[in-house]
K.L.:
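Pasting in a structure now, in structure tokens, and then I'll have a few things to ask.
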Amino acid sequence: MADYNHRVIEPKWQQYWKENETFKASVDTSKPKFYALDMFPYPSGAGLHVGHPLGYIASDIVSRFKRNKGFNVLHPMGFDAFGLPAEQYAIQTGQHPAITTKENISRYKEQLENIGFAFDWDKEVQTCDPSYYKWTQWIFMQIFNSWYDYDASKARHIDELVAIFEKDGNANINAACDDDTPDFSTEEWKGMSADDQQLMLLKYRLTYLSETAVNWCPQLGTVLSNDEVKDGFSERGGFPVVRKNMQQWSMRITAYAERLLQGLESIDWSEPLKEMQRNWIGKSIGAELSFEVENSDLAIEVFTTRIDTIFGVTFMCVAPESDYAAQLTTPEQKEAVEAYVAQAATRSERDRMSDVKTISGVFTGSYAINSYNGEKIPVWVGDYVLAGYGTGAVMAVPCGDQRDYDFAKHFDLPIVPVIKDADISEQADPTKDGTMINSGFLDGLSCNDAITKAIEFAEEKGIGKGKINYRIRDAIFARQRYWGEPVPVYFKGNIPHLVDEADLPIILPEIDKYLPTEDGDPPLGRAENFTYTPNGETEAYPLELSTMPGWAGSSWYWYRYMDAHNNNDFIDKDVQAYWENVDLYIGGSEHATGHLLYSRFWNKILFDLGHVNQEEPFKKLINQGMIQGRSNFVYRVKGKNKFVSKGLKKDYDTTPMHVDVSLCYNDELNLDGFKNWRPDLADAEFILEDGKYICGWEVEKMSKSKYNVVNPDDIIERYGADTLRLYEMFLGPLEQFKPWNTNGIDGVKKFLGKLWRLFHNGNGEFEVSDAAPSKEELKSLHKTIKKAGEDIDRYSFNTSVSTFMICVNELSALKSNNRAILSDLLVVISPYAPHITEELWSLLGHETSIIDAAYPTYNEEYLKEDDIEYPVMVNGKMRTKIQVAADLSKEEVQEVALANETVQKWLEGKTPKKVIVVPKKIVNLVV
RNA sequence: GCGGAUGUGGCGAAAUUGGUAGACGCACUAGACUUAGGAUCUAGCGCCUCAGGGCAUGGGGGUUCGAGUCCCUCCAUCCGCACCA
């Protein structure tokens, strides 16, 4: 073999790894473990583009590096295979989503294999596989059988709750439950029918049924997720979407709000990502307060973070959707309020959000009593109050809250200042520093002291208490769709029961059409005999017709990889104890408040119930930046089939037009290719500059319609997988968003050619020397070993590629072909460019894969300089450079510097006040 | 509005702890070898200046012998949340 030929080498080694099961990982307690995980892809019909593998390449590099370092590495891959596009395709074509999914997966696998990843395919999981979703259903059952004990701060088995109810009723427990849960005694519990007991328990279970609003599209006959709805219309088809209440499964993630927040402190995630989760959880510390209503038994409950401003409350405001609105309206105001509520209901969520400037509201006719000063305050309905947050009612303090202020100004309600020196002539002042005025017994206190005092008062009078509120809502756990996991629940009457564990999995049934039934049931309603007969009974009961949401299968998959073929358990306890959790997780930040939050939630439940030994699933998380498309443009002269090169376009009236990026090389248009691209361009004419047609470009999202999609297969065919891998890393920092730009790829390809030539003589024959390595060679190598190792520790892959280039350049300059040097160098480069290094490694005569080679350690001895050059500065300005031996002390360097002629001249006989010698860097004399 | 990031040559970018800013690569220029190759090798490549030297990390100010890095302030771009009481 002569020249470096990736087309021969790469398939050869991919085949070798496959045959030898090189990447198979199993428990080995003699070695430390390392678990590298990628967010598994949804296999879409479009296949992979060059942006997808970015994170996989990074995790692959770390995996291979860790393996060379002696770790037992688990690096699996699988597919998040339930999802909407396959179902959509099924609705249109009638093809079963399983077939579409299977085809897409095999395409994805082929593409992934071409890149040479060190995946252990034996551990592959597919969420749509019954042997996988059996355990998703099993986990659902564990969650169903749990309740959350706030006193113990953990989930416990529902049987323990039943035992408590039997002993003490529910008076003494502090559990997460529905808001409308009544108090009951032991006797009352025992007096309930079995069904009523079940309905009561459902109010405590960590997954429960409740009425929730969904986006219902009557024309499509289906429920849509929030991101499928745009401005009140379905994204697909543009049909109107309405809010509709449906009985659905939810997961009580709110019970875990505090622990999800606290847990962030213990994990190594990026600050922006943690911040996103914190915002999503939305903790706010305040107080809950109840206001009596004049001439009524009702009380209005509010949540406030500023109870110190209680004396500044001049009105109350309730959300139009809240029950308060109807309850508090007096007969005189009935007509006005009903009209307002009806009008508010027609405005879509989005209208209300985008139109925050318009102030609207109406008086209910009722008055509340401020228990702190006995004052009568009017109760209004206003759509700036949200039904979904807090209690759906607020105490309005116009002096301290801008929305209350605007409302008060608009309806001419009083504004009472309660903080000294706050200027509220133009707007509210929400700041919390100052002393209280007009505030009765709070006068003279600071805001913080006033909060404490006001809460004490409320507690004494029994009208309120300190409270922590969270913004996070329970997660809806049902989709009225076909292509998802069936929920392992059947109904006796309206009471849900779990199927027997032995009957798992509940297989997704075949149906004739992937659409809802005529009477509006989900697609599963079409299945024949989709029923369940409990053990020992003869009657068949209907099964739940909703399927699980997309996030179900992805909320535990990292555990299944550890023990993918286990038929007896979702994971073997010992296997889990060995692999623990994920050491490095790489994926996009778009999952910040979805997958990553749900996964932490489920993991905590599994932890509480004793199924896993780690409370957090992902120790270290990196968000790889998206690779954007780099679109190319040609400029058509208006009204003509003539195109003008970018540099000359200012002289013409032109319209830009996307051109396929594969027709451009370094932004120069391939004219013949362009003419053949589309029939209407066959007789296109060009106005060239310097004989070339130069295209314009812009960074956009990679998409088919913009003709900027780059397929990794094309890059691999032309440049090779090793070049692709190195180049994606070389493109810039992993976390950064960056456009794909093939312009620089030649440099990386050249580097691999140079590496190849280090091992070959001028005739292209393999030739290495067995001579002892020279000092320069050792220095170059050890510098590289050190830098590459440090770079991986801080996930700086782009700088490592530079380091390799420098090393290869240095060795070429030294005409080095030393076996020992090159052998170590190969191991260092192998995580990045596995194929070429395997080939050269085997040419060196090694019989095992380079992935099992020991990573070389560097020796400081070789890194020492003979002489060090110190710039000598006087008052920070550079004067001269001195050469000194590397092992001189600071004082000795200082002496040499002071003795230097140029420096002497500058100092003009003066003695510097201060001399700063920075080791191996610089000498600075301060006069 | 709130929160978070980012800002360095023609371009992608380095600079890990405050210590010679621009490593490495692309593009560009010149040359060598060839006798067409999108090959390889060598050299040059921030700006100004005749030079000594000066100016440069979004703008302005500060701390320091010394600032891309720390502090204050303003500007621009991107992302997330958004009437959250």
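Proteins get letters first, then strands, A, B, ... in listed order; numbering begins at 1 in each.
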K.L.:
Please report the distance separating the P of B:U63 from the corresponding atom of B:A82, rounded so that it comes out in whole Å.
P.N.:
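Those two atoms are separated by 44 Å.
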K.L.:
A:Ala813 or A:Arg718: which one's nearest nucleotide on RNA chain B is closer to the 5' end?
P.N.:
A:Arg718
K.L.:
Select one nucleotide: of B:A85, B:C41, B:G19, the one nearest the side-chain heavy atoms of A:Val918.
P.N.:
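Given the options B:A85, B:C41, B:G19, the side chain of A:Val918 is closest to B:G19.
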K.L.:
So if I take every side-chain heavy atom of A:Pro871 and compare against B:A85, B:C83, B:U20, which nucleotide ends up nearest?
P.N.:
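Nearest to the side chain of A:Pro871 among the choices is B:U20.
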K.L.:
Mind checking what makes side chain to side chain contact (heavy atoms under 4.5 Å, CB included) contact with A:Ala788, not counting sequence neighbours?
P.N.:
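Checked A:Ala788 against side chain to side chain contact (heavy atoms under 4.5 Å, CB included); matches are A:Ser800, A:Phe804, A:Val828, A:Tyr855.
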K.L.:
Could you list all the salt bridge (Lys or Arg N to Asp or Glu O under 4.0 Å) pairs where at least one residue sits in residues 391-407 of chain A, not counting sequence neighbours?
P.N.:
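Listed by first then second residue: A:Asp401-A:Arg403.
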K.L.:
Nearest to the side chain of A:Lys754 - B:G19, B:C41, B:A82?
P.N.:
B:C41
K.L.:
For RNA chain B, what is the dot-bracket line, given that a base pair needs Watson-Crick (N1 to N3, plus N6-O4 or O6-N4) or G-U wobble (N1-O2 and O6-N3) geometry with both distances under 3.5 Å, and | means paired with another strand?
P.N.:
(((((((..(((......[....))).(((((.......))))).(((....)))..(((((..]....))))))))))))....
K.L.:
Do any side-chain nitrogens or oxygens of A:Ser284 fall under 4.0 Å of OP1 or OP2 in B:A85?
P.N.:
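Yes, because at least one side-chain N or O of A:Ser284 sits under 4.0 Å from OP1 or OP2 of B:A85.
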K.L.:
Roughly how many Å apart are B:U16 and B:G68, using the P atom of each and rounding to a whole number?
P.N.:
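Looking at atom P only, B:G68 and B:U16 are 12 Å apart.
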K.L.:
Among residues two or more places apart or on two chains, list those pairs meeting salt bridge (Lys or Arg N to Asp or Glu O under 4.0 Å) that have a residue in residues 733-745 of chain A.
P.N.:
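Qualifying pairs, neighbours excluded: none.
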K.L.:
Which whole number of Å gives the distance between the P atom of B:A23 and that of B:A15?
P.N.:
13 Å
K.L.:
Whether A:Lys750 contacts B:C26 is assessed here as follows: a side-chain N or O lying under 4.0 Å from the phosphate OP1 or OP2. Is that the case?
P.N.:
yes
K.L.:
To the nearest Å, give me how far apart CZ (A:Arg278) and C1' (B:G3) are.
P.N.:
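Spelled out: CZ on A:Arg278 to C1' on B:G3 is 11 Å.
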K.L.:
Counting side-chain heavy atoms from C-beta on, which of B:G19, B:C83, B:C41 comes nearest to A:Arg757?
P.N.:
B:C41
K.L.:
Less than 3.5 Å apart, any donor N or O on the side chain of A:Asn469 or A:Ser284 sitting next to an acceptor on the other?
P.N.:
no
K.L.:
Which residues pass the side chain to side chain contact (heavy atoms under 4.5 Å, CB included) test with A:Lys620, sequence neighbours left out?
P.N.:
A:Asp268, A:Leu584, A:Ile622, A:Tyr795
K.L.:
Where the side chain of A:Thr784 meets the backbone of A:Ser780, is there a donor-acceptor pair that is under 3.5 Å apart?
P.N.:
yes
K.L.:
Measuring only the P atom in each nucleotide, how far is B:G7 from B:A51? A whole number of Å is fine.
P.N.:
34 Å
K.L.:
In whole angstroms, how far is the C1' atom of B:U40 from the CG atom of A:Asn809?
P.N.:
13 Å
K.L.:
Pick base, sugar-phosphate or nothing for A:Ile806, based on heavy-atom distances below 4.0 Å to the nucleic acid.
P.N.:
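Sugar-phosphate: the residue A:Ile806, judged by heavy atoms under 4.0 Å, touches backbone atoms but no base.
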K.L.:
Between A:Gln277 (CD) and B:C79 (C1'), how many Å, whole number?
P.N.:
16 Å
K.L.:
For the pair made of CG in A:Asn279 and C1' in B:C79, what is the distance, rounded to whole Å?
P.N.:
13 Å
K.L.:
Roughly, in whole Å, what's the span from CG in A:Asp3 to P in B:G37?
P.N.:
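Answer to the nearest Å: 15 Å.
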K.L.:
Atom OH of A:Tyr832 and atom P of B:G25: how far apart are they, to the nearest Å?
P.N.:
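Spelled out: OH on A:Tyr832 to P on B:G25 is 17 Å.
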K.L.:
Using atom P of each nucleotide, how far apart are B:U64 and B:U69 to the nearest Å?
P.N.:
16 Å
K.L.:
Would you mind calling B:G60 syn or anti? Take O4'-C1'-N9-C4 for purines or O4'-C1'-N1-C2 for pyrimidines, and syn is within 90° of 0.
P.N.:
anti
K.L.:
If I pick the P atom on B:C2 and the same atom on B:A13, what distance separates them, to the nearest angstrom?
P.N.:
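Those two atoms are separated by 30 Å.
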K.L.:
How about A:Arg306 and A:Lys432: do any of their side-chain heavy atoms sit closer than 4.5 Å?
P.N.:
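A side-chain contact under 4.5 Å exists here.
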K.L.:
Between A:Phe407 and A:Phe315, how do the two ring planes meet: parallel, tilted or perpendicular, split at 30° and 60°?
P.N.:
parallel
K.L.:
Strictly under 6.0 Å, is that where the ring centroids of A:Trp756 and A:Phe751 end up?
P.N.:
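Centroid separation for A:Trp756 and A:Phe751: 6.0 Å or greater.
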K.L.:
Using the P atom in both, what is the distance from B:C55 to B:G61, to the nearest Å?
P.N.:
14 Å
K.L.:
Between B:C84 and A:Arg403, is there an OP1 or OP2 to side-chain N/O distance shorter than 4.0 Å?
P.N.:
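Looking at the OP1 and OP2 atoms of B:C84, one of them is under 4.0 Å from a side-chain N or O of A:Arg403.
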K.L.:
Starting at the 5' end of RNA chain B, which residue's closest nucleotide do you reach first, A:Pro272 or A:Tyr389?
P.N.:
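Closer to the 5' end of RNA chain B: A:Pro272.
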K.L.:
Going 5' to 3' through nucleotides 7-17 of chain B, assign each nucleotide B (protein heavy atom under 4.0 Å from a base atom), S (under 4.0 Å only from sugar-phosphate atoms) or - (no protein heavy atom that close).
P.N.:
-----BSSSB-
K.L.:
I need the CG-C1' distance between A:Leu752 and B:U40, as an integer number of Å.
P.N.:
16 Å
K.L.:
Compute whether any side-chain donor of one residue and acceptor of the other, for A:Ser631 and A:Asn708, lie under 3.5 angstrom apart.
P.N.:
yes
K.L.:
When the C1' atoms of B:G9 and B:U57 are compared, how many Å lie between them, rounded to an integer?
P.N.:
10 Å
K.L.:
Within this structure, what is the NZ-to-C1' distance between A:Lys783 and B:C24, rounded to whole angstrom?
P.N.:
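Those two atoms, NZ and C1', are 12 Å apart.
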K.L.:
Which heavy-atom pair separates A:Ile415 from A:Ala408 by the least distance, and what is that distance?
P.N.:
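Result for this residue pair: CG1-CB, 4.0 Å.
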K.L.:
Taking the side chain of A:Val385 as heavy atoms from C-beta outward, which of B:U20, B:A85, B:G25 is closest to it?
P.N.:
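Looking only at heavy atoms from C-beta outward on A:Val385, the closest nucleotide is B:A85.
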K.L.:
Can you tell me if A:Tyr470 and A:Thr254 form a side-chain donor-acceptor pair at under 3.5 Å?
P.N.:
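No pair is found: no donor N or O on one side chain lies under 3.5 Å from an acceptor on the other.
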